[in-house]
S.K.: 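Just dropping this structure here.
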Amino acid sequence: MERPRLLILGAGGHGRAVLELLRDAGFPPPLGVLDDGPASPGLPGVPHLGPLSRMAALRAEGAAAAHVALGHNATRRRLGEALLALGYALPALRHPSAIVAGSATLGAGSVAMPRSVAGAAARLGAHSILNTGAILEHDAVTGPGCHIAPGAVLGGGVRLGAEVLVGILAGIKPGTAVGDGATIALGAAVVGDVPAGATVSGVPAREKA
Ligand SMILES: CC(=O)SCCNC(=O)CCNC(=O)[C@H](O)C(C)(C)COP(=O)(O)OP(=O)(O)OC[C@H]1O[C@@H](n2cnc3c(N)ncnc32)[C@H](O)[C@@H]1OP(=O)(O)O
């Protein structure tokens, strides 16, 4: 499949990481980057095309494919859905060192960063990040707008709702369910279901009183 020139949304740290991925994966140079930061330095070597609100005008001018490279889950999902509604293609991005099982799926606008793994029948939701070295074990499923941070591991059959952050090096016991908008602290060991909106931390993971 020919790799498209992408419009990137977000010129922060994650944007720079995605830019490296695109180079490693053989994508052509991005069309440009949009960012709302008034003093945004942009992405190195990529034309800065203005604020996020320009995405509609650029679509009308012929931009056809995009990626939202923002770390904030709700914002990334909202912008990704807006891009889809405008008719942009949002290809799932995958670093060449990522291991994605033939039966695994990566949703629209999602990204599998270096050395990440998606096992048999795992499903990474739309607009989600499987960050460096993170692992979705077999049959693990995430909703849209999730972020599995570097080194985190979802055991077999784990189910995440929408917009869940699983912090760096956290682990989730096989078969566990995590509700929408929950935050799993870095280093946590989740051994039971987590309600929507909760923040849990520690080993075993608990909500703070
Ligand atoms: C490429 C990348 O960098 S991806 C980055 C992805 N992001 C992450 O992995 C970070 C995930 N976030 C965390 O783990 C955060 O520390 C959170 C969400 C758990 C808490 O953040 P905040 O609400 O800002 O809490 P804050 O730092 O003020 O700490 C509040 C209390 O929780 C404790 N705490 C904070 N993080 C943790 C943790 N991971 N495990 C155990 N306790 C923690 C603090 O020590 C503090 O305890 P105290 O009240 O007894 O003093």
Side-chain angles (χ1 to χ4, degrees), residues 8-25 33 35 37 40-44 67-80 92-100 106-107 109-118 122 124-137 140 142-155 158 160-173 176-209:
I8 306 294
L9 275 61
H14 184 58
R16 291 197 304 281
V18 167
L19 183 60
E20 298 284 352
L21 177 151
L22 294 176
R23 287 177 182 150
D24 291 352
V33 61
D35 195 282
S40 169
L43 295 178
H67 184 79
V68 187
L70 289 164
H72 187 263
N73 282 344
T75 307
R76 189 177 58 258
R77 179 186 178 193
R78 177 175 57 77
L79 290 171
L93 305 180
R94 173 179 166 178
H95 192 271
S97 66
I99 298 171
V100 179
L106 306 178
S110 67
V111 59
M113 297 299 279
R115 297 198 165 184
S116 59
V117 178
L124 181 66
H127 322 297
S128 293
I129 302 171
L130 186 61
N131 220 322
T132 314
I135 298 175
L136 276 184
E137 261 303 341
T142 90
C146 289
H147 178 184
I148 320 303
V153 180
L154 273 58
V158 164
L160 302 188
E163 300 174 15
V164 173
L165 169 63
V166 182
I168 293 171
L169 287 175
I172 305 184
K173 185 179 172 181
T176 305
V178 177
D180 295 346
T183 299
I184 312 300
L186 66 92
V190 175
V191 296
D193 291 354
V194 175
T199 296
V200 297
S201 60
V203 180
R206 300 267 186 257
E207 272 190 88
K208 282 229 172 206

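What you see below is based on every heavy atom in this structure, not just the backbone, and it leaves out hydrogens, waters and symmetry mates. Both counts, for ligands and for their atoms, begin at 1 and track the order of listing.
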S.K.: Between atom CD of E207 and atom OG1 of T183, what is the distance when rounded to the nearest 0.5 Å?
M.R.: 10.5 Å
S.K.: If you measure from NE2 on H72 to CG on L165, what distance do you get to the nearest 0.5 Å?
M.R.: 10.0 Å
S.K.: Could you measure the distance from the CE atom of M113 to the CG atom of L21? Nearest 0.5 Å is fine.
M.R.: 5.5 Å
S.K.: Under 3.5 Å, is there a donor-acceptor pair between the side chain of R76 and the main chain of L70?
M.R.: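 Indeed, once roles are kept as given, a pair shorter than 3.5 Å links the two residues.
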S.K.: Students should find this: residues with any non-hydrogen atom under 4.0 Å from ligand 1. What is the answer?
M.R.: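 Under the 4.0 Å cut-off, ligand 1 touches N131, H147, A149, P150, G167, I168, T183, A185, L186, S201, K208.
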S.K.: Quickly, which of L160, V111, L130 forms a side chain to side chain contact (heavy atoms under 4.5 Å, CB included) with L124? Name it, please.
M.R.: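 Passing option: L130.
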S.K.: For the side chain of N73 and the backbone of G181, is there at least one donor-acceptor N/O pair under 3.5 Å apart?
M.R.: no
